[in-house]
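The chains referred to below are lettered A, B, ... by the order of the sequence lines, with proteins before strands, and numbering in each begins at 1.
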There are 2 protein chains.
Amino acid sequence: MKAHLLTIGDELLIGQTTNTNAAWLGDALSRIGVHVERSVTIGDDARAITDELDRAYQDARLVITTGGLGPTHDDVTKSIVSQYFGAPLETDDELLARVKQYYERRGRDMPPEVADLATVPRGFDMLQNDVGTAVGLWHADTSTGDERLIAVLPGVPPEMKSIYENGVEPRLLARADLQDLAHRTLLTTGVPESSLQRKIGDLSDWLGEDLKLAYLPSTNGVRLRLTAYARDRAVAEDRIDALEGELRSRIGKYIFGTGKDTLEGVVGELLRKRNLTVATAESATGGLIGHRLTAEPGSSDYFLGGIVAYANSVKTGVLGVEPSALRDHGAVSLPVAEQMAAGAAERLDASIGISTSGIAGPGGGSDEKPVGTVCIGFAKRVEGGATDVDSVRLQLTNDRSLNKELFATSALEMIRRKLLW
Amino acid sequence: MKAHLLTIGDELLIGQTTNTNAAWLGDALSRIGVHVERSVTIGDDARAITDELDRAYQDARLVITTGGLGPTHDDVTKSIVSQYFGAPLETDDELLARVKQYYERRGRDMPPEVADLATVPRGFDMLQNDVGTAVGLWHADTSTGDERLIAVLPGVPPEMKSIYENGVEPRLLARADLQDLAHRTLLTTGVPESSLQRKIGDLSDWLGEDLKLAYLPSTNGVRLRLTAYARDRAVAEDRIDALEGELRSRIGKYIFGTGKDTLEGVVGELLRKRNLTVATAESATGGLIGHRLTAEPGSSDYFLGGIVAYANSVKTGVLGVEPSALRDHGAVSLPVAEQMAAGAAERLDASIGISTSGIAGPGGGSDEKPVGTVCIGFAKRVEGGATDVDSVRLQLTNDRSLNKELFATSALEMIRRKLLW
């Protein structure tokens, strides 16, 4: 199925707003096998909208418009659609009552022009908006023989997405020329894409037209996107389950989560389940590990706090790192990272200490320890008051901001691996 | 001047990449008075590109294309432009030498197809690319009477931006139907937009067609964008200077920087100039203040480190907060915030201590201290070993992530105000 997108709004043309709607719809449509062939952005201008609507409707089986559906004078899409299809606008009483109620609940009078929100072109389906007041519109036109489809959506992204997901996608999937699909994302970190591919090995017996695997590298790791197509959603889900099982049997220990999981959330859950607490000792990351751990609501159950030991005086004076370790090995070294982690666990009375000492850049690198070097220390307090320590040294990038992010990710992943592997 | 944009690339249609180029160009062009009337995205398909190029070239005085200029078989824009304008591709020897050199420097053989990068359609200007290998193209066509302009740019955003700024914008500004302009952004934080407008007051004697002021609210404060138009850049700059002077005379103390300044960078410079050091005591922000301060290269000159005191045991045990203060006032209170700040300054031997204790949400709120409440403490050590303290209580939002960001911003702004006001 071929589709054209028509995104409407002056704010898109002057770059005040980036056109995320077109990207989001392109992604959503291509996932169900709809091929977006052209995407056009125009301003809030009746003539231009009519021209582009006509062109799109001539060329493509499916046209989706976004924008121009609100109550202000700029919002002309609905009246243009009404004129273009010769479909007079009719007030929907139930919708009008709902719009009135929306204003009443907020204790405001309904401005008269808002009544326009409750009109629908004759013959069009109304697509419920769970997030705002402007409804979407849907029309399947078979008057010319071939079926032509049009969906008219608001421009506010959460409203557009909600109406697409609840109103448009089910109607598209009901068309015989579309397959259903299922997708899932597995999250890994700490393994480069090429190495992950090698570890996964040959999947040619598994993959094909009906089952696909994509590697999506990002700052914090490689995501694996699994997509299955079938006439039936349940069959597609079964295919995905089987492929996920196979991937987990090959590289399961590198997969820290799925979908919208975060590494800090996964680590937090591990700590919570095991009744463990953690304290940080951050040098190169400057507080970012603590910031990420506390991004999770309820993190006070397992995160006690930490010492940001940017200056060496703080490493020795507050964390108790031995001055001789700094002198003999330098601040960015495995012994210092281990002493920092142990110091944090002991000072804050936590089960686990985690530390970073590294060179984020741009300055401070040397031949022996170039920019991007980080030492990560891990300490775990065991029976009898002793503390087990471990550490790793990694070489990451040349970019300060990226390095700080990657250092923190590596430290969180180290906690996960030490607890699970 | 009317312009049409043509952004080319399958990755844009399937939503793998959000079309930031269209937004960036829309913004850049509208700032110099070019009116973007339509923006079309199509895939890497020769037929579709030719059709859209033809349509755009018929309709608009200026056409800008992005994408499809690289060395792979998907990259067809240059040959299409060559065919459309009947302008044969000719190898530019200097450019070929530069491309060869690019590969030599990286110790790689130049793939044969890369030689195409060094060709230019006859009669087109080559626009230097300071960031990559693909050059841009420019053509001013007066064959039909009216002058028509076309700029062909690569799709990689930094390359596109660099060529636009250095090659396209100067050529556009040389056209008689464009005014020159100057713009500047003044940065404020900690003052809501409405309150800032009130403090600024009436500017009707200042503003008009030639001089504009826009309020741009963002997470971390309100930016003021000043734009002046004139036939001559120097005149426009003078107008901006005068308006900036007037704004500074009215609300100067709220302006922490201009352009791409960051609050952490400005605070860091203040500390550096005065030979002061800072230590943090973070509860609600979990390490974010330290993370932001250390985003600046060279921050070790003034940032010693800090204590992330998420648990009350860390507030008392490491920072030295009195248990009675916690008991009598609660952790989120002015006395505790002050003791935290003083504790950090003293423990880490810093000139200044800054602290946050708050309720980021979603849980933990009460009638007396709802979600969004934060107490910020400031401590400064003075002659004779004493410590001066101060604190403020603020009420911010209901969103955890936004609250953490705003709490940190408020703390950084408190340092700035205490040092300057």
Side-chain angles (χ1 to χ4, degrees), chain A residues 12-20 22-30 36-43 48 52 279-280 282-291 293-295 297-300 303-311 313-314 317-318 347-349 360-363 400-401 404, chain B residues 12-20 22-30 36-43 48 52 279-280 282-291 293-295 297-300 303-311 313-314 317-318 347-349 360-363 400-401 404:
Chain A
L12 299 170
L13 289 177
I14 63 169
Q16 201 176 72
T17 304
T18 300
N19 197 342
T20 55
W24 190 90
L25 282 169
D27 180 54
L29 290 165
S30 59
V36 178
E37 209 182 45
R38 188 169 59 197
S39 169
V40 179
T41 306
I42 40 175
E52 295 299 331
T280 52
E282 305 193 52
S283 180
T285 44
L288 177 56
I289 302 175
H291 173 48
L293 282 168
T294 58
S299 43
S300 57
F303 177 63
L304 299 182
I307 314 289
V308 181
Y310 215 57
S313 62
V314 183
V318 185
R347 298 292 148 112
L348 275 69
D349 198 16
R400 179 179 186 84
S401 157
K404 286 183 69 187
Chain B
L12 299 170
L13 288 177
I14 64 171
Q16 204 177 71
T17 303
T18 301
N19 197 342
T20 55
W24 191 90
L25 281 169
D27 180 54
L29 290 165
S30 58
V36 178
E37 207 184 45
R38 187 169 61 197
S39 168
V40 179
T41 306
I42 40 174
E52 295 298 333
T280 54
E282 304 192 52
S283 180
T285 45
L288 177 56
I289 301 174
H291 173 49
L293 281 168
T294 59
S299 43
S300 57
F303 177 63
L304 299 182
I307 314 290
V308 181
Y310 215 56
S313 61
V314 182
V318 185
R347 297 293 147 113
L348 274 69
D349 198 16
R400 180 179 185 83
S401 157
K404 285 183 68 189

Proximity breakdown for [X] and chain B, heavy-atom pairs closer than 4.5 Å:
| X | answer |
| --- | --- |
| A:E52 | side chain |
| A:S30 | side chain |
| A:S299 | both |
| A:R38 | both |

For chain A, which of [options] has the most heavy-atom pairs under 4.5 Å?
| options | answer |
| --- | --- |
| B:P297, B:G290, B:A311 | B:P297 |
| B:T285, B:T20, B:V40 | B:V40 |
| B:T294, B:L304, B:N19, B:L288 | B:T294 |

Query raised in the report: With no hydrogens and no angle check, is any side-chain donor or acceptor of B:R400 less than 3.5 Å from a backbone partner on B:A360?
Result: no
Query raised in the report: Between A:E282 (side chain) and A:G306 (backbone), is there a donor-acceptor pair under 3.5 Å?
Result: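 No, the answer is negative, given that no donor and acceptor are paired below the 3.5 Å cut-off.
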Query raised in the report: Which word best sums up how the rings of B:H291 and A:H291 line up, parallel for under 30°, tilted for 30 to 60°, or perpendicular for over 60°?
Result: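 Taking A:H291 first and then B:H291, their aromatic rings lie parallel (interplane angle under 30°).
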Query raised in the report: What pairs with B:R347 under side-chain hydrogen bond (donor to acceptor under 3.5 Å, both in side chains), at least two apart in sequence or on another chain?
Result: none
Query raised in the report: When rounded to the nearest 0.5 angstrom, what distance separates CG in B:L25 from CD1 in A:I14?
Result: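 Nearest 0.5 Å value for the CG-CD1 distance: 14.0 Å.
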Query - Region of B:A309 that comes under 4.5 Å of a non-hydrogen atom in chain A - result: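 Just its backbone gets close to chain A.
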Report summary line: Sorted by chain and number, sequence neighbours left out, salt bridge (charged side-chain N to carboxylate O under 4.0 Å, His left out) with A:E37 holds for A:K2
